[in-house]
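Whatever order the structure lists them in is the order used to number ligands and atoms, beginning at 1.
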Amino acid sequence: MLQTLMESKDFLAFTLDNPNNISEAFSFAISDHTNVHVWDTGVIVFEPKIDLGKDVVLSSAVHGNETAPIEICNRLIKELLDEKIVAKQRTMFLIGNPAAIHNGTRFVEENMNRLFNGAHSKGQGLINKERIRAKNLEQYVDRFYTSQTDGRHRIHHDLHTAIRASKHEKFAIYPYRPGRAYSAEQMMFLGACGVDTILFHHEPTTTFSYFSSENYQADAFTVELGKVRPFGQNDMTRFIATHEMLSRLISAKPLELDSFSEEKLNLYQVCRVINKSYEDFEFTFANDVENFRSFPKGFVLAKEGGSEIKVEHEQEAIVFPISNIPVGQRAVLTLIPAVNINVQ
Ligand SMILES: O=C(O)CCC(=O)N[C@@H](CCC(=O)O)C(=O)O
Ligand SMILES: [Zn+2]
């Protein structure tokens, strides 16, 4: 297996050749500076012999058809294996759902980004591969973060692309983190990646980024890097800044971040999570309405079960509208401008 990987240095191809598992974990060294461990299919850890105190998780393909993040991560892995860059921070890459990548779909049986923080084992339990994989991914994150002594800086960027086009092309969701201030430095890092818009979530979720944030106090984000496209159709020039900043992060090159100012970013707080309660749920607006489109008070956003769901604030912007989901799941988030955000 090592030979196959090192011939191509293409970890994505290696992962897709082994979509369910690998026969056994393996390790090797890059020159005398980095140990590399492949713990499972889609799971590769770079451990510098001397690191500078950060534990960085970069995950992609939690949704299998969101290809741009997979290409960005695969390029970084290749550059590390080729020694074009040298890791100076412990870094784990996770390719979340290889079977869904093969399928070219968001998921095979169940949306994996609703299965974290233990949700995989609730209800009917570990009944499908996505539930098992979500549980395993949690265990890899746990092993990666807890195998070190305390006091390290834990970071997790869970990289996605959105189904719809967005008024703000790149944006991040900052998971709910009661009692912890939001990090000015992390937000300016995202800004330097071209991610100029942050949504502050207001309640616990079952997403991968919330899992790392809540359980390991990681600076964790769901990062949306643009609109979903199949392999070969991403304009990789749109990700130059993101690639550059992630490369600097893991190789501990100067980040040269701007000082934080609310004016430099678009800051929204989640106002309402609207779940689908009836099978006949439907939006009133068209499929090509962009994320962050704002609607006035009283506007009917959706209809279901004979009633109307209306905008309640002066203006609410919508993000992630989706109606072909199971009853009980999130159909859309509404946003208002963020106020009184505790930033340090
Ligand atoms: O564009 C969409 O409708 C969905 C894009 C996507 O996968 N978003 C994530 C956001 C996770 C979060 O809220 O942190 C998701 O829905 O899982
Ligand atoms: Zn996604």
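Within ligand 1, counting atoms from 1 as listed, the ones closer than 4.0 Å to a heavy atom of H160 are 7 (O). For ligand 1, the atoms lying closer than 4.0 Å to a non-hydrogen atom of I173 are 14 (O). Below 4.0 Å from some heavy atom of E66 lie the following atoms of ligand 1, by number and element: 7 (O). Distances below 4.0 Å separate heavy atoms of T222 from the following atoms of ligand 1: 10 (C), 11 (C), 12 (C), 14 (O). Listed by atom number, the atoms of ligand 1 under 4.0 Å from T207 heavy atoms are 11 (C), 12 (C), 14 (O).
If you run side chain to side chain contact (heavy atoms under 4.5 Å, CB included) between F189 and each of L255, V195, D258, only L255 comes through.
Looking at E224, R106, R114, K227, it is E224 that brings a heavy atom closest to atom 8 (N) of ligand 1. The heavy atom nearest to atom 17 (O) of ligand 1, considering only I325, N113, L333, is found in N113.
Linking Ile, Leu, Val, Met, Phe, Trp and Tyr residues whenever their side-chain heavy atoms come within less than 4.5 Å places F93 and F28 in a single cluster.
Vertex the Zn ion (ligand 2); arms to H63 ND1 and E66 OE1; angle rounded to 10 degrees, 110°.
The name of the N, O or S atom in H160 nearest to the Zn ion (ligand 2) is ND1.
Heavy atoms of I163 found under 4.0 angstrom from ligand 1 belong to the backbone as well as the side chain.
Protein heavy atom nearest atom 2 (C) of ligand 1, with residue, atom name and distance: F320 CD2, 3.2 Å. At the top of the distance list for atom 13 (O) of ligand 1, counting protein heavy atoms only, stands R330 NH1, 3.3 Å.
The closest side-chain donor-acceptor pair between R330 and T205, if any, does not fall under 3.5 angstrom. Donor-acceptor pairing under 3.5 Å is lacking for the side chains of D55 and H156. A donor-acceptor pair shorter than 3.5 Å cannot be found between the side chains of H153 and E185.
With respect to K303 and E282, no salt bridge is recorded, no charged nitrogen being found less than 4.0 Å from a carboxylate O. Between R75 and D82 no salt bridge is recorded (no basic side-chain N to carboxylate O distance below 4.0 Å). Ion pairing between a basic and an acidic side chain is recognised when a charged N comes within 4.0 Å of a carboxylate O; D219 and K54 show no such pairing.
The distance criterion of under 3.5 Å between nitrogen or oxygen atoms is not met by N291 with respect to ligand 1.
Not close to ligand 1: T205, with no non-hydrogen atom less than 4.0 angstrom away.
Applying the side chain to side chain contact (heavy atoms under 4.5 Å, CB included) rule to I163 yields the partners R106, I322; only residues at least two apart in sequence or on another chain are considered.
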